[in-house]
Protein chains: 2
Amino acid sequence: MKHILIIDDDTELCELLQEYLASEKFATSTAHGGATGLEMVRNGSFDLVILDVMLPEMNGLEVLKSIRSFSKIPVIMLTAKGDEVDRVLGLELGSDDYLPKPFSPRELVARIKAVFRRLGNAEEHGVRPESLKIEIADIFIESATRTATRNGSDLALTEVEFSILENLMRAAGTVVERQELALKVLGRRLSYDDRSLDVHMSNLRRKLGTIADDKDRIKTIRGVGYLYVRS
Amino acid sequence: MKHILIIDDDTELCELLQEYLASEKFATSTAHGGATGLEMVRNGSFDLVILDVMLPEMNGLEVLKSIRSFSKIPVIMLTAKGDEVDRVLGLELGSDDYLPKPFSPRELVARIKAVFRRLGNAEEHGVRPESLKIEIADIFIESATRTATRNGSDLALTEVEFSILENLMRAAGTVVERQELALKVLGRRLSYDDRSLDVHMSNLRRKLGTIADDKDRIKTIRGVGYLYVRS
DNA sequence: TCTGAAGTTTAAGAAATGTAAAGGCCAGTG
DNA sequence: CACTGGCCTTTACATTTCTTAAACTTCAGA
């Protein structure tokens, strides 16, 4: 498993990323200051560093420079919007990529994978949760092609709907929390008046149809989350 | 130790690369003009050449052409932003790889290693490098000849279309970001209203045709990029 | 039973992506 | 040197997908 270090003073963002990266099977650690981060890179054995250019005490570029003085570990920089200058500088100093804020966790994950791919460091050839196929009752999903069928006929789900279903079915029989689901599927936490996930749930349920007795395949656990009933 | 010659008029870039390549245990020399570079290739015993297409006196392509008239030394071309034509021409003239600017030094190193790896394999097995051919389901591509076939019949892709397909297939099963794809394939970042990539995607999909059940081989991940489905 | 919080639903709006057709560029050709 | 054909880009509109808005329903606890 790849171990990733996040150096960013924004604790909230760090938590968010940690959660999301965890769901993508990455191990993560965080440092909220340049000096601390640098120390951790020196001592720890990380596979990749995510580094914010805007750091309170020590500039991100300096941190990168310091890192490069003793290590060739891949670094992805997080830059503020339109920070062209920093970007060029970052690349010249040896960052592997950069990502302008704001970005979605999905984008970041795509970059991380791209970096590992470029480096030929593809450990991703090992276990591939991607290639999973799941079947519960008459519903069948295949992650590799991102399709879902009921009795063999395509359900024509959108990406988000498929993603919800995939997450729920993988955890069939146990409750998946709302916030966790939103994070994985929409790439963000839900504010209290964000009804987006509810709408997707509604649409998904309609497409899935009911099981016998008009019972729903997806059960709502009020105040917690959702549960896919195991047949 | 491998000895690399860098032919580029940008002295700053040369220094940067030299430093970086040194840290990767490569010996380097530089030439800031086409004629000088050509002479050095002729006299020196280099293992690989990094060649900028944009050179003051003598065009990089001409330099490549001249080199090829007497040597089969591996050449990696550095192409300027959006220099599609030059790139294609470069490949046709026998460059081993190309890298659109701006690129990170790490990326260049990855390419260099890839080239050496390919050559190593080729010598060992006396066969064309495997990594340049990819086959997924009934689609087969060969980078060396820039051809793609479905069930043996030529798909007649344009260079951009082929390049998109190549990139997606190399990353089959994982998402390739729109921006990354645009950068590699078109040599530029997409502005908000640049629909060029979409059009190419559309054309490519039409030529590729659908897999069973009208399912697309290339899946759109809204807001992130594209995914070639691994069957 | 009343009430507020949580969840659902439908519809409208916004954003991203798809695609046909026209436009422009450039190399090859007569 | 105009002509032609291939290819990429732009334009303009269509379509799909996600989000927001707002009204409605359900549920738990007072």
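In this text the structure is predicted, and so the values were computed from the model without any measurement. Below, read A as the first sequence line, B as the second, and so on, with proteins coming before strands; counting in each chain starts at 1.
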Colleague: Are any of R188(B)'s side-chain N or O atoms less than 4.0 Å away from OP1 or OP2 of dT9(D)?
Modeller: yes
Colleague: Just N and O in the side chain of R195(A): are any of them under 4.0 Å from OP1 or OP2 of dA22(D)?
Modeller: no
Colleague: State, with a plain yes or no, whether a side-chain heavy atom of F70(B) is found less than 4.5 Å away from one of L38(B).
Modeller: yes
Colleague: With hydrogens left out and only the distance checked, is there a donor-acceptor pair under 3.5 Å joining R222(A)'s side chain and the base of dA28(D)?
Modeller: no
Colleague: Determine whether R178(A) and L181(A) make a side-chain contact, defined as any pair of heavy atoms from C-beta on separated by less than 4.5 Å.
Modeller: no
Colleague: Reading DNA chain D from 5' onward, which residue's closest nucleotide shows up sooner: D194(A) or A156(A)?
Modeller: A156(A)
Colleague: Mind calculating the distance between OH (Y192(B)) and P (dT17(C)) to the nearest angstrom?
Modeller: 10 Å
Colleague: Would you mind reading off the distance between N203(B) atom CG and dC7(D) atom P, rounded to a whole angstrom?
Modeller: 11 Å
Colleague: Are K2(A) and F116(A) in a cation-pi setup, meaning NZ or CZ lies under 6.0 angstrom from the ring centre and within 45 degrees of the ring axis?
Modeller: yes
Colleague: Give the rounded distance in Å between these two atoms: CG of L227(A) and P of dG7(C).
Modeller: 14 Å
Colleague: If the cut-off is 4.0 Å, is T158(A) near the phosphate of dC18(D), judged by side-chain N/O to OP1 or OP2?
Modeller: yes
Colleague: Which nucleotide wins on minimum distance to the side chain of D198(B), given the candidates dC18(D), dA20(C), dT19(C)?
Modeller: dT19(C)
Colleague: Closest to the Y226(B) side chain: dT10(C), dT17(C), dT9(D)?
Modeller: dT17(C)
Colleague: Choose from dT9(C), dT9(D), dT17(D) the nucleotide whose nearest atom is closest to any side-chain atom of S196(B).
Modeller: dT9(D)
Colleague: On the nucleotide dT17(C), are OP1 or OP2 found under 4.0 Å from the side-chain N or O atoms that S202(B) carries?
Modeller: no
Colleague: Is H200(B) close enough to dG18(C) that one of its side-chain N or O atoms is under 4.0 Å from OP1 or OP2 there?
Modeller: no
Colleague: Quick one: on DNA chain C, does V224(B) or R205(A) contact a more 5' nucleotide (nearest heavy atom)?
Modeller: R205(A)
Colleague: When you compare the side chain of K207(B) with that of T158(B), does any pair of heavy atoms fall below 4.5 Å?
Modeller: yes
Colleague: Give a yes/no on whether any side-chain N or O of R206(A) is located under 4.0 angstrom from OP1 or OP2 of dT8(C).
Modeller: no
Colleague: Measuring from the side chain of V199(A) (C-beta onward, heavy atoms only), which nucleotide among dT19(D), dT19(C), dT8(C) has the closest atom?
Modeller: dT19(D)
Colleague: As an exercise, state the distance from CZ of R217(A) to CG of L227(A), rounded to the nearest 0.5 Å.
Modeller: 14.0 Å
Colleague: Side chain of L186(A) only, please: which of dT19(D), dA16(C), dT9(D) is the nearest?
Modeller: dT19(D)
